[in-house]
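Reviewing the structure listed below.
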Amino acid sequence: MAMANGGGAAMDVAENRDVAENRENWNDRAEVHFRNGVYGDLDALVDDPQGLTSVVRRDLQVLKPFLPNGSVQGQRLLHMQCHIGTDTLCWTRLGAKDVCGLDFSPVSLRHARELANRAEVDIDYVEADAREAAQALPGRRFDVIVTSVGTVTWLPKLDGWAHSIAHLLAPGGIFMIRDTHPLLFALDDSGLKLGGDYFAGAEDSWDSSQTYEFNEHVEDGNHAETADGTIDVATDSVGAAHKPVVTHTRSHNWAHDFAEMTQVLIDAGLVIEKLGEYAQSDWKCLPMLEQDPATEAWLMPEGYPRVPLTFSIVARKPCES
């Protein structure tokens, strides 16, 4: 038993170190995403009171059947792993109230608060690990909790995440995750062959100065696109002496398969309402993907096999009897 406890403690230390390295990496990414146009024209988003990101438009389509009158109007909403708050801002524009954004990166939240202030909207931003959201938000309850696009694989374990969601939901409240499909975790860099483990528990660690290509609202010359569609901010030539770069290059992801994700939510007391799989992505998660300008979605080109690129899970907290 002592050996087991020691092994568990060592694993916790390693996970905490990896999460800390991720936080440093995302602090750097936040500067890049806020200033280099990777997230599109943030000035235009702030200035347009009706402006919505394509991510939120897709999230809303998944959520609509489970919302009162198909709307978040008047619903207390928590956006977990909100990054720089572009999507969080949009939820307020759709009528959500008492909106809260939660993220583990203080630099991301600094920029999120700046965007909210410029847009003159009231959003409460809280710095915390998503697995500890319940402790970070004592006494709070939400009608809707959302998390989407590049979230769950940054968490080493999901038990605390699921229990935080269940704790923070009001009775009858709804949770939705929409994210990169777990199948992609097992694919190699070409996106065509299996190169890693699919099942929960696998960890992938790497060093890179790159960040992802989210959309094409970036003027030509503002970034250097690599062969796999990421943005190499270290070699970008425009204003290189003054622009932010990713200097904390170490990152870690953890695999979470469908069985794990659904089971932890069920074990936390939630009821699964819907599972979804989609042939589109919000970012260039595979090197061959092409973007549809009309929808801003990334799709497999003609001639490639159709595989799921994203998934969704919708779960509800039962009403108290």
Lys274 atom NZ, neighbour heavy-atom count above 12 within 6.0 Å: yes
Salt bridge present between Glu31 and Arg35 (N-O < 4.0 angstrom): yes
OG1 of Thr247 to CG of Asp28: how many Å apart, nearest 0.5 Å? 4.0 Å
With a 3.5 Å distance limit and no angle check, can you tell me whether Asp188 reaches the backbone of Gly191 through a side-chain donor-acceptor pair? yes
Indicate yes or no: at least one non-hydrogen side-chain atom of Leu299 is less than 4.5 angstrom from one of Gln280. yes
Does a side-chain heavy-atom distance below 4.5 Å link Arg316 with Phe175? no
Do Arg118 and Asp43 meet the salt-bridge criterion of a basic N to acidic O distance under 4.0 Å? yes
Would a distance-only check, ignoring hydrogens and angles, find a side-chain to backbone donor-acceptor pair under 3.5 Å from Gln291 to Glu296? yes
Minimum heavy-atom separation for Cys319 to Pro171, with atom names? CA-CB, 4.0 Å
Nearest-0.5 Å distance, CG of residue Asp197 to CG of residue Asp257: 11.0 Å
Does any non-hydrogen side-chain atom of Val19 lie less than 4.5 Å from one of Pro156? yes
For His248 and Glu21, which I'm curious about, is there any donor-acceptor pair between the side chains at under 3.5 Å? no
Backbone N or O of Leu109 within a donor-acceptor pair of the Asp103 side chain at under 3.5 Å? no
With the threshold set at 4.0 Å, does a side-chain nitrogen-carboxylate oxygen contact exist between Asp143 and Arg76? yes
Would the distance check show the side chain of His163 and the main-chain N or O of Asp159 forming a donor-acceptor pair, the cut-off being under 3.5 Å? yes
Is the backbone N or O of Asn253 less than 3.5 Å from a side-chain atom of Asp204, with the two atoms forming a donor-acceptor pair by type? no
Any donor-acceptor pair under 3.5 Å from Arg113 side chain to Gly85 backbone: no
Identify which one of Glu260, Glu15, His256 satisfies the side chain to side chain contact (heavy atoms under 4.5 Å, CB included) criterion when paired with Lys157. Glu15
Do Trp283 and Thr180 have side-chain atoms, one donor and one acceptor, less than 3.5 Å apart? yes
For Gly101 and Cys82, the nearest pair of non-hydrogen atoms, with its separation, is C-SG, 3.7 Å
Looking at Asp207, I want to see if its CG is surrounded by more than 12 non-hydrogen atoms of other residues, nucleotides or ligands under 6.0 Å. yes
Count the heavy atoms of every other residue, nucleotide or ligand shown that sit under 6.0 Å from CG of Asp292, and state whether that count exceeds 12. yes
Would you check if the side chain of Asp179 reaches a backbone N or O of Val152 as a donor-acceptor pair within less than 3.5 Å? yes
Exercise: do Ser205 and His252 side chains pair donor with acceptor under 3.5 Å: yes
Criterion ring-ring contact (aromatic ring centres under 6.0 Å, His included) on Phe34 and His83, from CA distance to verdict: CA-CA 10 Å; Phe34 188 73; His83 192 36; over 10 Å; no
Nearest 0.5 Å please: distance from the CG atom of Asn27 over to the NE2 atom of His111. 9.0 Å
Relative to each other, are the rings of His33 and Trp26 parallel, tilted or perpendicular (30° and 60° limits)? perpendicular
Should Leu77 and Phe142 count as side-chain neighbours, where that means a heavy-atom distance under 4.5 Å? no
Would you please indicate yes or no on a ring centroid separation below 6.0 angstrom for Tyr278 and Phe311? no
As a quick check of understanding, evaluate salt bridge (charged side-chain N to carboxylate O under 4.0 Å, His left out) for Arg178 and Asp59, giving each step before the final call. CA-CA 7 Å; Arg178 191 178 62 80; Asp59 287 347; 2.6 Å; yes
Are the side chain of Arg131 and the backbone N or O of Trp161 linked by a donor-acceptor pair below 3.5 Å? no
How about Pro301 and Met288: do any of their side-chain heavy atoms sit closer than 4.5 Å? yes
Please check if the side chain of Thr147 supplies one atom and the backbone of Met80 the other of a donor-acceptor pair under 3.5 Å. yes
Could you walk me through whether Ser71 and Leu94 pass side-chain contact (heavy atoms from CB on, under 4.5 Å), step by step? CA-CA 8 Å; Ser71 171; Leu94 289 169; over 6 Å; no
Smallest heavy-atom separation, Trp298 atom then Lys284 atom, equals CZ3-CD, 3.6 Å
As an exercise, state the distance from CG of Leu78 to CD1 of Ile165, rounded to the nearest 0.5 Å. 8.5 Å
Side-chain donor or acceptor of Arg93 paired with backbone N/O of Leu52 under 3.5 Å: no
